[in-house]
Amino acid sequence: MFKPAYLSTQLTRELIPGIWLRAALPGLLALTFVVGCGSSEQASKPTSSIVPTSHFSSSTDEEGLLVHKFDSNGDAIPDVIKYFQEIPDPQNAAITKRLLRKVEIDANADGFVDIRRFYDDFGNVVREELDANLDGTIETINYYDGGVLTRKEILNKEDNHVDATRYYLRGKLLRVEKDTSGNGEIDYWEYYEEGVLTRLGRDRTGDGRADEWLQR
């Protein structure tokens, strides 16, 4: 399968699903922070290891968002799509602000979105959808508060329901909840202190409460 030139040196050396995409995320996501996503102070520039992104086309979607498509590997097919909202500047109604609302990235040029990120008014990521193994299906959703990860949902590929949820506090893993039976109910819990597992519980009776605990 063809891979963009800017991915080849980073991704082909790591073949473990779910890990090798994360190795490329810093470079890929650098493409999403350009001048115009709120203010120049919040903008980041693409790293030198990334092929410069060329503007492909512009349009407006059904929600009224300005859509900019980019071709980052020169194959004449857009693989980075940015969605902007234009609003009056609260400080000066005569000035229009352009806020970045969403970015979609096709990391391996197969026509499927592998990274989808949503932004708040201040340019912070509030939600991130990832297809870590590049099979065309989103399996992880990350939630952020002020740009800090607070929750991670792992989706079931068969029916897209949440198999496990990982909760974070100040960047450290706090709790894990799992639906091990696939019935939509949480029946397994893990609790962490300073990122270290301290106890885990199981619901053996199906009443939604842990009836078996193991201290670590």
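This chain uses plain numbering: 1 for the first residue, then up along the sequence. Since we're looking at a predicted model, the values are computed, not measured.
The CD atom of Glu153 lies 13.0 Å from the CZ atom of Arg166; values are rounded to the nearest 0.5 Å. Remark: Gln85 CD to Glu63 CD distance equals 10.0 Å, nearest 0.5 Å. Annotation: the span from Thr165 atom OG1 to Lys152 atom NZ amounts to 11.5 Å, rounded to 0.5 Å. Rounded to the nearest 0.5 angstrom, Leu174 CG and Thr150 OG1 are separated by 11.0 Å. Rounding to the nearest 0.5 angstrom, the gap separating the CD atom in Glu185 from the OG1 atom in Thr180 is 11.5 Å. If you take CG on Leu130 and CZ on Arg117, they are separated by 8.0 Å, rounding to the nearest 0.5 Å.
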Determine whether Asp71 and Asp79 satisfy the following criterion, side chain to side chain contact (heavy atoms under 4.5 Å, CB included), listing intermediate values before the conclusion. CA-CA 6 Å; Asp71 171 21; Asp79 47 35; 4.0 Å; yes
Does the side-chain hydrogen bond (donor to acceptor under 3.5 Å, both in side chains) test come out yes or no for Thr205 and Asp211, once each step is laid out? CA-CA 8 Å; Thr205 61; Asp211 43 60; 3.2 Å; yes
Could you go through the side chain to side chain contact (heavy atoms under 4.5 Å, CB included) check for Tyr168 and Val148 one step at a time? CA-CA 9 Å; Tyr168 297 82; Val148 178; over 6 Å; no
Is there a side chain to side chain contact (heavy atoms under 4.5 Å, CB included) between Phe112 and Asp131? Walk through the geometry before answering. CA-CA 9 Å; Phe112 294 95; Asp131 173 13; 5.7 Å; no
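Under the 6.0 Å distance and 45° angle rule, Lys172 does not count as a cation-pi partner of Tyr192. For the pair Arg199 and Tyr191, the cation-pi test (distance below 6.0 Å, angle within 45°) is passed.
Using a 4.0 Å cut-off between a side-chain N of Lys or Arg and a carboxylate O of Asp or Glu, Arg209 and Asp187 do not qualify as a salt bridge.
Of the possible donor and acceptor atoms, one in the side chain of Asp203 sits under 3.5 Å from a partner among the backbone N and O of Gly206. Panel note: side chain Asn156, backbone His161; no donor-acceptor pair is recorded below 3.5 Å. Not a single donor-acceptor pair under 3.5 Å links the side chain of Ser57 to the backbone N or O of Lys69. Asp163 places no side-chain N or O within donor-acceptor distance of the main-chain N or O of Ile154, the cut-off being under 3.5 Å. The main-chain N or O of Leu134 is never found under 3.5 Å from a side-chain atom of Asp114 such that the two would form a donor-acceptor pair. With hydrogens and angles disregarded, a donor-acceptor distance shorter than 3.5 Å links the side chain of Asp106 to the backbone of Gly111. For the pair Glu139 (side chain) and Ala132 (backbone), a donor-acceptor distance under 3.5 Å is present.
No side-chain heavy atom of Pro78 sits less than 4.5 Å from a side-chain heavy atom of Val80. A heavy-atom distance below 4.5 Å is not found between the side chains of Leu173 and Glu193. Side-chain contact between Thr140 and Leu155: absent, with no pair of heavy atoms (C-beta onward) separated by less than 4.5 Å.
Taking every heavy atom of both residues into account, Phe118 and Glu129 meet most closely at CE1-OE2, 3.8 Å. In this structure, Tyr144 and Leu149 approach most closely via the heavy-atom pair CD2-N, 3.3 Å. Smallest separation of non-hydrogen atoms from Tyr143 and Arg127: CE2-CD, 3.5 Å. The shortest non-hydrogen separation linking Ala109 to Asp75 is CB-OD2, 4.4 Å. Taking all atoms of both residues into account, the shortest heavy-atom contact from Asn124 to Gly147 is CB-N, 4.0 Å. Smallest separation of non-hydrogen atoms from His68 and Leu66: NE2-CD2, 3.5 Å.
Connection of Tyr188 to Leu197 is established within a shared hydrophobic cluster, with ILVMFWY side chains joined at heavy-atom distances below 4.5 Å, either directly or through further cluster members. Linking ILVMFWY side-chain heavy atoms closer than 4.5 Å, directly or via other members, places Val176 and Leu200 in a single hydrophobic cluster. Using a 4.5 Å cut-off between side-chain heavy atoms of Ile, Leu, Val, Met, Phe, Trp and Tyr, with links allowed through other members, Leu100 and Ile95 fall into different hydrophobic clusters. No continuous path of ILVMFWY side-chain contacts below 4.5 Å connects Val162 to Tyr167, so the two sit in separate hydrophobic clusters.
The neighbour count for Glu212 CD, taken as heavy atoms of other residues, nucleotides or ligands under 6.0 Å away, is above 12. Counting heavy atoms of neighbouring residues, nucleotides and ligands inside a 6.0 Å radius, atom CD of Glu86 exceeds 12 of them.
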